[in-house]
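Naming convention: chains lettered A, B, ... in sequence-line order (proteins, then strands); numbering from 1 in each chain. Because the structure is a prediction, the values reported are computed rather than measured.
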Amino acid sequence: MDKRPHILVLNKKRYFQKFTVHQRVQSIIQIVSVIVLALTGLPLRYAEYDWAKVLYAFFGGPDVTPNIHRAAGTILVSVFIYHTIYWMIKFYKNHICFLIDMKTLTVKNIIKEFLSQAMIMDKDDFKSIADHFKYILYISNKPAQYGRIMWKDKFEYYAQYWGITVIGLAGLALWWRDEVSHILPGIVFNAAYIMHSYEALLAVLFLFFIHWYHEYYSPEKFPIPTGFFSGYVSESQMIHEHYARYVKLMTEAGLESEIKPHH
Amino acid sequence: MVMSVSSADELNCVLCHKYKGLSRIDDKGDFRLYYINEQLFESSPHSKNSCLDCHEGIKEVPHKNVKEVDCSTECHMTEPSSDTKFSHDSVKDALARSVHSKYDENGNLKDYPEDYPTCKDCHEQPVYRPLNKDVSSKERDIARCKTCHSSGDFAKDMYKHMSTRLHKFRSPKENINVCAKCHADKEFNRRHKLDDVVASYNETFHGKLIQLGSEKAPDCIDCHVVRGENAHLIEAQDVETSAVYKNNKARTCRGSGCHEKATDNIAGFQTHVTYEAEKYPLQFYMLAFFRIVLTVVLYAFLLIVFLELLRRLFPHATIPSVIKKRKEK
């Protein structure tokens, strides 16, 4: 659906496509709602501090802020459900239908197809994790080489599924507490409170220190994270993070002679 | 303003007591301030009382036989609905039946009787807290009463009298501070074998919303007083008529328009969670689990980031290249 080129040349510099428009719209909605959730949720966790009172009042105080938080949460969860359904339809069309056509539709084959999906950890990922650790521990001199999606991205992707499930379910229970009391015992709200508050804290800290480090502050990206806004990343970043894919795209474009070495 | 104080005030108490310096160190070595802030007194529900209503027996200067003020004395006012002399007897009675009475059912003094609150422990000189903080709209409201009640300060006084009672007469935060004086005190809790209920309450969404300025979330009184009962009738959780007795809890949660649609299950929610393993095992283990996950994940990834930066900073110190250099030597 996205007709934009894999390699874009601007001012004699090459840029490589990392995300499609469709993916980027999803991530922008996601990022905005996560930031709103953090700004309207953290003050509740740290209610005893003055900054929390100011921030909470800024969003409209105790009568309004919870509704903003719930709205942002609803949007975030909806994007995730959409993303999951979208992926399931694609998986069905591209893989299950194929298996049906080939008359090889067995549970084993479905699992096999599933494991071959781009976001699933595979043998190469475990090898690159091992390579990466050897590299950063000064055991080897050769940096690990990555395809389009590196293992850290995959880990973060799984972490998001886990996080949104835990925080989302707990948040829903706390939101619809009166209705939930018709089916579950009240102690559930104590549990949901702990789940929501701690998992959200983990998510925020991870996002701020680890994820944004990889995306924004790390030396090869600072100060402008091109990938997020345009969907394209620079050649040096491509080499650094996705060398295997870099080589593949360059080869496909007939630019073998200009492939730069891994640094 | 000064007029109305002195009009109720035969010996003209304020004449002397308006001086800020009126104070001394008493026999126990405590600092005593005898200054009366007229403006505060004026904006208090007691502004219609004469000083002598409460400070009985002060007839001359220097004052002789000054008694401690007894809040349940009859004051020189009639309560219009019953046409009887007004006093706070009903409150005294409710307090005497509550867990806060220093006497047990048989009239014997409980242990540590000095720990039980009297009126003055919970009520400092109160001031009106008008419903409408916005002065100009307050004046518009009062002007509406003045259409009919045009003479004197009646309209203004009665407006304050009623409108302050259309919400909690002091903010929920202040109510909590009142209870916290005793119930957040470590020594007090140890003496009475109680948990720090204020800290645990502040941990709940209810407590947090109050800290962030909510007037709707429940404070201690909303949960510990049966709906419609006197605010002073707080009972222990094992008393059958208590608002937090196990069979009454759900009704309390559904009261005051809070969890109206909830079933009895809602009462299973625990307000005063201390995270002790024996008392609150679920909360204890869940907290431990999430804390461990949080620590492990964050530190593991921070370590990776740190190593990556280190690798970038000192690219040539790898084991293979060091070995190679050794060999070359």
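- Put simply, CZ on B:Arg311 and CD1 on A:Ile136 are 9.5 Å apart, with the number rounded to the nearest 0.5 Å.
- Residue-level contacts of residues 286-296 of chain B with chain A, in order of numbering, are B:Met286, B:Leu287, B:Phe290, B:Arg291, B:Val293, B:Leu294; threshold 4.5 Å between heavy atoms.
- By the 6.0 Å contact criterion, CD on B:Glu240 is open, its count of non-hydrogen atoms from other residues, nucleotides or ligands being 12 or less.
- Taking each heavy atom of B:Ser214 and A:Pro62 in turn, the nearest pair found is N-CG, 3.4 Å.
- Within 6.0 Å of OH in B:Tyr285 there are 12 or fewer heavy atoms belonging to other residues, nucleotides or ligands.
- Judged by distance alone, the side chain of A:Ser181 and the main-chain N or O of B:Asn265 form no donor-acceptor pair under 3.5 Å.
- Annotation: the span from A:Arg177 atom CZ to B:Phe205 atom CZ amounts to 9.0 Å, rounded to 0.5 Å.
- Taken from CZ in A:Phe133 to CG in B:Leu307, the straight-line distance is 8.0 Å, to the nearest 0.5 Å.
- Contact annotation for B:Cys253: neither backbone nor side-chain heavy atoms come within less than 4.5 Å of a heavy atom of chain A.
- The OH atom of A:Tyr138 sits 4.0 Å away from atom CG of B:Leu310, with the distance rounded to the nearest 0.5 Å.
- Contact between A:Ile210 and B:Leu298 at its shortest, heavy atoms only, is CD1-O, 4.2 Å.
- A pairwise comparison of heavy atoms in B:Lys208 and A:Leu44 identifies CD-O, 2.9 Å as the closest pair.
- Heavy atoms of B:Leu282 lying under 4.5 Å from chain A belong exclusively to its side chain.
- If you tally non-hydrogen atom pairs under 4.5 Å between each of A:Glu199, A:Met195, A:Glu179 and chain B, the highest count goes to A:Met195.
- By the neighbour-count criterion of 12 heavy atoms within 6.0 Å, atom CZ of B:Arg165 is densely surrounded, having more than that number from other residues, nucleotides or ligands.
- For the options A:Ile194, A:Asn190, A:Ile187, heavy-atom pairs under 4.5 Å to chain B are most numerous at A:Asn190.
- With rounding to the nearest 0.5 angstrom, the CD atom of B:Glu203 is 8.0 Å from the CD atom of A:Glu48.
- Remark: B:Lys181 NZ is packed, more than 12 non-hydrogen atoms of other residues, nucleotides or ligands lying under 6.0 Å away.
- Residue B:Lys261 qualifies as open at atom NZ: its count of foreign heavy atoms under 6.0 Å is 12 or below.
- Atom NZ of B:Lys216 sits in a sparse spot, with 12 or fewer heavy atoms from other residues, nucleotides or ligands closer than 6.0 Å.
- Of all heavy-atom pairs spanning A:Pro43 and B:Leu212, the tightest one is O-CD1, 4.0 Å.
- Heavy atoms closer than 4.5 Å to chain A are found nowhere in B:Tyr280, neither backbone nor side chain.
- Heavy atoms of A:Thr65 lying under 4.5 Å from chain B are absent altogether.
- Heavy atoms from other residues, nucleotides or ligands lying under 6.0 Å from CZ of B:Phe306 number 12 at most.
- Heavy atoms of A:Leu174 lying under 4.5 Å from chain B belong exclusively to its side chain.
- For a residue to count as touching a neighbouring chain, one of its non-hydrogen atoms must lie under 4.5 Å from one of that chain's; by this rule A:Tyr56 touches chain B with the side chain only.
- Aromatic ring pairs are classed by plane angle as parallel below 30°, tilted from 30° to 60° and perpendicular above 60°; the pair A:Trp151 and B:Phe301 is tilted.
- The shortest heavy-atom contact between A:Asp178 and B:Glu260 is OD2-N, 3.5 Å.
- Surrounding NZ of B:Lys138 are more than 12 heavy atoms belonging to other residues, nucleotides or ligands, all under 6.0 Å away.
- Separation of atoms OH (A:Tyr46) and CD (B:Gln211) is listed at 13.5 Å; rounding is to 0.5 Å.
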